[in-house]
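In what follows, a single structure is set out as C-alpha cells and then discussed.
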Amino acid sequence: VAKTTRGGVRVYQPDDDRNSPRRLAMVADLREAIQRHDIVVVFQPKLETATGLVVGAEALARWHHPVHGFVPPDEFIPLAEHSGLIRPLTLHVLEVSLRRCASWRRMGHDLHVAVNLSPNSLQEADLPDIVDRLLGQAGVPASALTLEITESTIMADPTGALVTLDRLHALGVKLAIDDFGTGYSSLGRLRELPIHEMKIDRSFVQRIAVDHRDRAVVRSAVQLGHALDLMVVAEGVEDVHTLSHLRQEGCNLVQGYHISKPLPADDFAEWLAARVP
Ligand code: C2E
Ligand code: CA
Ligand code: CA
Ligand code: CA
C-alpha cells in the first residue's frame, strides 16, 4: 500500500521493497525537493532548565510532498541515506540553519543552532572543511554550531568517526551525542570522544513523572553526563511535572512540546521576540 487516507489527509506509507517503482519515484521526488530547496527547516527551542533562558534551537528537516503530503523525517532521512541524497540534504539543512542562526544573533540573541548528522556524514573526509566554509559564509562563530550524532554513528566506524570528530572539535564546533541510551555505546569510548553534550532520549524522559524506574534511569544518565563534564539535555519534555523533575535532577537543558513544538523559522523568531525582551 502506498497511500492511505487518514481523516481526509493523504499520508505517505513507506515501501519495503528497495527497488519498487513507487520507492524509486519517491527518491526522484526527494532529489528534486532538495535541488529546489523545498526541504524546509523548522526550529525547536532549547532552554536552560534552571533559568528558563533560551540557549539555542535544534534544526529539523520537513518535507511536504506535492502529492503525498507530509512525509515524516523518519521516512525520508533513511530514504536519503540509502540513495546518495543525504549529503546534499545535510548541506542544505546546515546552510539554512546557519543563516537563521546568524539572523537571531544579529537580533541580539546569543543562540546556538544544532544540526543532526547522519551516520555516513562522518565518513566524508571533507565535512570539516565544508562546515568551516559554511560558518564563514554565514558569519557564525564555530562555537554557535552543535552537530548531533547518535551512538550508532560512532560505533559503526569508531576510528574513522574519531578523526572527523577531532577535526570538527578543533574548529570549535560542539558535538552532541543524540538519543543517548538507545544505542549501546561503551562508556570507555564515550569518554574518549570530544563531545560537549549528551541528549537523553525522549523514551526515557517522557514518563519520569509517573514511573520511578524511568526517573532512576534519567538520574543515572545525568550523573554519568556530569561525571564526563558534559552538558545534559532532556528531549521530549511534554508537561510541567516532567520539567520540574528534570530541574530536581540537575539536567542542564530541556527541549520538548511543553516548551514549544518545532517552529518554522519566522514563527521561531516571533516566539523568541515574545519570550526574550
Ligand atoms: P531527533 O534528532 O531525536 O529529533 C527529535 C524528534 O523529537 C523530532 O522529531 C522532534 O520533532 C520530536 N520531538 C520534540 N519534542 C517532542 C516532544 O515533546 N514529544 C514528542 N513526542 N516528540 C518530540 P522529527 O522532527 O519527526 O525528527 C525525527 C528524527 O528524524 C530526528 O530525531 C532525527 O533523527 C531525524 N532528522 C530530522 N531532521 C533531520 C536532518 O536534518 N538530518 C538528519 N540526518 N536527521 C534528521
Ligand atoms: Ca537530534
Ligand atoms: Ca534525539
Ligand atoms: Ca531520535
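Read the numbers this way: they start at 1 and go in the same order the structure lists the ligands and their atoms.
- Side-chain contact check for H65 and D29: at least one donor-acceptor pair (N or O, by modelled atom type) lies under 3.5 Å.
- To the nearest 0.5 Å, the span separating CG on L53 from NE2 on H109 amounts to 12.0 Å.
- Of all the heavy atoms of D178, the ones lying under 4.0 Å from any atom of ligand 1 belong exclusively to the side chain.
- With ligand atoms numbered from 1 in the order given, ligand 1 contributes 41 (O) to contacts under 4.0 Å with heavy atoms of V93.
- Closest heavy-atom approach to atom 7 (O) of ligand 1 among the candidates R202, H92, E235: R202.
- When the heavy atoms of R62, E148, H258 are ranked by distance to atom 25 (O) of ligand 1, first place goes to R62.
- Criterion: ILVMFWY side-chain heavy atoms under 4.5 Å apart, direct or through other members. Under it, L134 and L89 are part of a common hydrophobic cluster.
- Residue-ligand proximity, E58 to ligand 1, at heavy-atom distances under 4.0 Å covers atoms 2 (O), 4 (O).
- Inclusion of L60 in the set of residues having an N or O under 3.5 Å from an N or O of ligand 1 is not warranted.
- Between F76 and W63, the angle of the ring planes goes over 60°, which puts this pair in the perpendicular group of the 30/60° scheme.
- Here side-chain hydrogen bond (donor to acceptor under 3.5 Å, both in side chains) pairs that include residues 42-51, with residues two or more places apart or in two chains, are Q44-Q255, K46-H112, K46-E197, E48-T51.
- Distances from atom 37 (C) of ligand 1 to the heavy atoms of S260, G256, P73 put P73 nearest.
- The closest approach of D178 to the Ca ion (ligand 2), by N/O/S atoms, is made by OD2.
- Remark: K199 does not engage D179 in a salt bridge, criterion side-chain N to carboxylate O under 4.0 Å.
- Looking at D214 and Q206, their side chains never bring a donor and an acceptor atom within 3.5 Å of each other.
- Under a 4.0 Å criterion applied to the non-hydrogen atoms of D179, ligand 1 contributes the atoms 3 (O).
- Residue V233 shares its hydrophobic cluster (ILVMFWY side chains chained together at separations under 4.5 Å) with V55, M231, L253.
- The Ca ion (ligand 3) has D179 among its coordinating residues (N/O/S atom, backbone or side chain, under 3.0 Å).
- Considering backbone and side-chain N/O atoms, Q44 comes within less than 3.5 Å of an N/O atom of ligand 1.
- Interface of P262 with ligand 1, defined as ligand atoms under 4.0 Å from a residue heavy atom, comprises 11 (O).
- Ring geometry for H37 against H92 counts as tilted: the plane angle lies between 30° and 60°, on a 0 to 90° scale.
- Atom OE1 is the N/O/S atom of E148 found closest to the Ca ion (ligand 2).
- E58 contributes OE2 as its N, O or S atom closest to the Ca ion (ligand 2).
- Side-chain atoms of N252 and H226 include a donor-acceptor pair closer than 3.5 Å.
- Near Q206, with a cut-off below 4.0 Å to any heavy atom, the atoms of ligand 1 are 19 (N), 20 (C), 21 (N).
- Taking every non-hydrogen atom of G236 and a distance limit under 4.0 Å, the qualifying atoms of ligand 1 come out as 16 (C), 17 (C), 18 (O).
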